[in-house]
Amino acid sequence: MEHILKQVIIDSSLSEERVAILENNKLVEIYIERLEDRKIIGNIYKGKVMNVLPGIEAAFVDIGIDRNAFLHLNDVAQSFGKKSGKDVEVKDLIKAGQEIEVQVIKEAIAPKGARVTTDISLPGRYLVLMPINSGIAVSRRIEQDEEKERLKKILQKIKKKEYGLIARTVATGKDEADFVTDMEFLIRLWNKIQKRSQRAKAPMLLHEDLSLTYRIIRDLFTEDIDEFVVNSEKEYQKIINFLDSFFLLDLKPRVSYYDGEKPIFEAYDIEKEIHRALEKKVWLKCGGYLVFDEVEALTVIDVNTGKYVGGKIMKNTILKTNLQAAEEIARQLRLRDIGGVIVIDFIDMDSKEDQQKVIQKLELELKRDKTKSNVVQTTELGLVEMTRKRSKRDLDSLLRTFCPYCGGSGRILSPETVSNQVIHKLEDLCQYSKEEAIFLGVNPKIEEALAGGKMMLIKQLERDYRKAIYIKSMPDLHIEKIKVIAVGKKKEIKKIVKVF
C-alpha cells in the first residue's frame with residue numbers, strides 16, 4: 001500500500017492556535033481555537049435541569065454558558081438505565097430543578113445550544129473510560145478481525161466491574177501494560193471529577209478537556225504522522241514534556257521547532273489553501289471543477305467538466321472527471337468540516353459499472369476521514385446522497401460572517417478573524433523588521449475587536465520586541481484590509497501618526 005506522508009503543522013499565536021493536517025503536502029483538515037472562543041466539546045459540567053419536554057423527548061440544562069444545553073431523553077434512559085440495571089420511565093429519571101452531570105458532545109451552532117449527554121466518557125491515549133456504561137468496545141476504524149478480538153480479550157481481562165472501556169484506533173498493536181497505565185490514570189481522573197461534583201453547586205464546570213494542541217497529540221499523533229512542526233519554541237518544549245509524561249518517547253524525534261523567515265502557514269502553503277476552502281468553486285487537476293452551495297442543513301456539490309475535453313471517447317472523459325471529483329470532494333468535506341446532508345451531482349454516466357467505480361472511489365477516500373459519514377444512496381435522478389456527522393461549526397461559519405456591504409447575500413471575514421490577522425501581521429513585522437515603530441490602519445469594526453484582551457496582546461508585543469505600535473481607525477478602509485501605513489524610527493512614525 002502506498003505510504004501517505006502525514007504532517008501536523010501548528011501555528012501558535014498570542015490570539016489563537018491553528019493546527020493543519022497535511023497528507024502528501026495537501027491540506028486536508030484545519031482546526032482553529034481562539035483565545036476568546038475556547039471549545040467546550042468534551043467538557044463535563046454539573047448542570048441544572050431547567051425544563052423537561054416529553055413531547056420532543058428533550059430536556060434543557062443550564063450548564064453556565066449563554067444558552068441552555070439540549071439533552072435528548074433517550075441518552076438519559078440509556079445511561080441511567082444501564083447504571084440502575086432496571087427499565088425505568090424517563091419521567092422518573094429526570095425532573096426540572098434536578099442537578100445532573102453532563103458532557104458536551106456537540107458545540108452550540110446558531111441558533112441551537114450545545115448538545116449534552118449523561119453517558120459520560122473520558123478519552124485517554126489508548127482507551128476511553130465509560131464510567132456510566134460497563135460494556136467494552138473497539139474503535140470501528142480498526143478493521144482487522146484478529147486485532148479486534150485480541151483487544152477485546154485484553155479489555156475484558158483488565159476492566160473494573162463498574163467501568164466500561166473502548167479501545168481507540170491508536171491502541172492497535174499495543175500491549176496490556178499500556179492499557180493498564182491509561183485506565184488507572186482515567187479512573188483517578190474520574191474520581192477527582194466525582195469529588196469536585198459532590199462539593200459543587202450547579203451550574204459548574206467539573207472538567208475541562210485539553211487545549212487544541214494537546215488534544216491533537218492525544219487523538220491524532222501516532223506512528224502514522226511523519227512530521228509534527230510548531231512555530232513556538234516555548235510550545236515546542238511543552239510538547240516534548242507532554243510526550244515525556246505519557247511515555248511517548250518514540251514520537252519525540254518527529255517533533256521539530258520551525259524558525260524560518262516566512263510565517264509557518266505560508267511556508268507550507270496552508271494560508272492560500274484555507275482561502276481556497278472558502279470559495280464556492282474548486283478546480284480539479286483535469287480542468288473540471290466543483291461548485292459548493294450550502295444552506296443550514298444541506299450542502300449541494302455540482303461536478304462539471306469545465307475546461308477538460310479529454311480524449312475522443314466522451315464516457316472516459318466523464319469517468320476521469322467524476323473520479324477526480326470523488327477524491328477532491330472527500331478532501332473538501334474534511335477541510336471545510338461540512339456536516340449534515342450532502343447531495344452530490346456527478347456528471348451523468350450511462351454505464352452502471354462506471355457509476356459503481358465513482359461511488360467506490362468516494363467511499364474509499366472517505367475512509368481517511370475520522371468523522372463518521374455514510375453514502376446513503378443514488379437517487380433516480382443520478383444524485384448521490386450522503387450524510388456526515390456535524391459536531392462543531394464548519395470552516396466557513398468559523399472564519400466568516402454575513403456581509404454588511406451586500407445585505408447578507410454574501411459573506412466576508414468576521415471582525416474576530418481580521419483582528420487575529422492583525423495580531424499575526426504585527427507578530428511578523430515585529431519579528432522580521434529591525435525598525436522601532438509600526439503604524440497600521442484598520443476598519444473601525446476591527447479597532448473595536450482589538451479592544452480589551454487583544455490590546456493587551458499588542459502591549460505584550462511592544463514589550464517583548466521593544467517596539468512602538470500605533471493603530472489608526474480608517475472608516476473608508478474595507479473591513480478585511482489591514483493597511484501598513486508606515487514602519488520606521490519612532491520619532492518619524494510619531495509625526496506621521498499626528499498628521500493622520
Side-chain angles (χ1 to χ4, degrees), residues 1-2 4 21-30 140-141 143 273-391 394-397 411:
M1 193 175 174
E2 179 199 356
I4 297 171
I21 312 296
L22 275 61
E23 291 180 359
N24 290 338
N25 298 309
K26 289 183 81 172
L27 181 65
V28 293
E29 290 176 31
I30 183 79
R140 66 182 178 86
R141 294 177 69 83
E143 295 179 347
E273 282 297 317
I274 293 173
H275 287 294
R276 282 179 187 160
L278 298 174
E279 294 173 1
K280 283 186 66 161
K281 185 182 282 190
V282 176
W283 287 96
L284 303 173
K285 286 179 188 173
C286 66
Y289 62 90
L290 312 174
V291 177
F292 285 76
D293 279 303
E294 297 177 49
V295 290
E296 189 173 334
L298 174 70
T299 301
V300 178
I301 306 170
D302 189 31
V303 183
N304 298 274
T305 51
K307 294 180 281 190
Y308 181 51
V309 293
K312 293 179 181 178
I313 303 174
M314 187 61 182
K315 76 168 200 169
N316 292 347
T317 301
I318 292 170
L319 177 61
K320 183 175 180 180
T321 305
N322 280 339
L323 288 171
Q324 282 194 18
E327 182 178 349
E328 187 61 27
I329 286 167
R331 182 175 86 97
Q332 290 291 331
L333 293 179
R334 290 172 69 188
L335 178 53
R336 296 171 187 237
D337 208 2
I338 294 170
V341 178
I342 298 153
V343 176
I344 307 168
D345 186 7
F346 286 106
I347 303 163
D348 290 342
M349 293 173 288
D350 295 327
S351 165
K352 293 285 183 189
E353 186 184 347
D354 286 354
Q355 290 173 17
Q356 199 56 38
K357 281 180 184 176
V358 172
I359 297 295
Q360 286 171 352
K361 177 66 172 175
L362 179 62
E363 289 176 332
L364 179 68
E365 295 297 328
L366 287 170
K367 282 186 177 180
R368 297 184 188 179
D369 186 358
K370 72 181 191 309
T371 299
K372 187 177 179 181
S373 60
N374 183 29
V375 178
V376 183
Q377 62 177 7
T378 305
T379 69
E380 290 179 8
L381 297 173
L383 304 173
V384 175
E385 290 183 6
M386 63 171 287
T387 60
R388 187 172 183 271
K389 188 177 177 183
R390 186 196 299 272
S391 62
D394 61 32
L395 186 66
D396 185 74
S397 65
R411 293 170 74 83

Rounded distance (nearest 0.5 Å) linking atom CD1 of I347 with atom OG1 of T317 = 9.5 Å
Hey, is E363 close enough to K367 for a salt bridge, meaning N to O under 4.0 Å?
-> no
CA sep, side-chain torsions, deciding dist, call: D354, V358, side-chain contact (heavy atoms from CB on, under 4.5 Å) = CA-CA 6 Å; D354 286 354; V358 172; 5.8 Å; no
How many angstroms lie between NZ in K357 and CG in L364, if you round to the nearest 0.5 Å?
-> 14.5 Å
Closest non-hydrogen contact found for V303 with A325 is CG1-CB, 3.6 Å
Pick from I342, I301, I359: which one makes a side-chain contact (heavy atoms from CB on, under 4.5 Å) with V384?
-> I359
Heavy-atom check, side chain of V28 versus side chain of L335, under 4.5 Å | no
Taking R388 for the side chain and I338 for the main chain, is one N or O donor matched with an acceptor at less than 3.5 Å?
-> yes
Can you tell me if NZ on K370 sees more than 12 non-hydrogen neighbours from other groups inside 6.0 Å?
-> yes
Close side-chain approach of T371 and L333, heavy atoms under 4.5 Å | no
Do E328 and K26 sit within salt-bridge range, that is, some charged N less than 4.0 Å from a carboxylate O?
-> yes
Can you list every pair that meets salt bridge (Lys or Arg N to Asp or Glu O under 4.0 Å) and has a residue in residues 285-294, with sequence neighbours left out?
-> K280-D293
Can you tell me how far the OG1 atom of T299 sits from the CD1 atom of I329, to the nearest 0.5 Å?
-> 11.5 Å
Does the pair I344 and M386 meet the rule for a side-chain contact (heavy atoms from CB on, under 4.5 Å), with working shown?
-> CA-CA 8 Å; I344 307 168; M386 63 171 287; 4.0 Å; yes
So CG of L323 and CZ of F346: to nearest 0.5 Å the spacing works out to 8.5 Å
Are the side chains of I4 and R368 in touch, meaning some heavy atoms are under 4.5 Å apart?
-> yes
Electrostatic pair E279-R276, nearest N-O below 4.0 angstrom | no
Side chain to side chain donor-acceptor pair (under 3.5 Å) partners of S397, counting only residues at least two apart | D394
Any side-chain heavy-atom pair of K361 and Q324 under 4.5 Å = no
Compare all side-chain heavy atoms of R336 with those of V282 and state whether any distance is below 4.5 angstrom.
-> yes
Between V300 and D345, does a side-chain contact (heavy atoms from CB on, under 4.5 Å) hold up when you go through it step by step?
-> CA-CA 8 Å; V300 178; D345 186 7; 5.5 Å; no
Give, for atom CD1 of I318 and atom OG1 of T305, the distance between the pair rounded to the nearest 0.5 Å.
-> 7.5 Å
Going from CD on E327 to CG on N322, what distance comes out if it is rounded to the nearest 0.5 angstrom?
-> 13.0 Å
Return the minimal non-hydrogen interatomic distance between L27 and L22, and the atom names on each side.
-> CD1-CD1, 4.0 Å
Carefully, step by step, assess V341 and V376 under the rule side-chain contact (heavy atoms from CB on, under 4.5 Å).
-> CA-CA 10 Å; V341 178; V376 183; over 6 Å; no
Looking only at atom types and distance, does a side-chain atom of R334 sit under 3.5 Å from a main-chain N or O of E29, one as donor and one as acceptor?
-> no
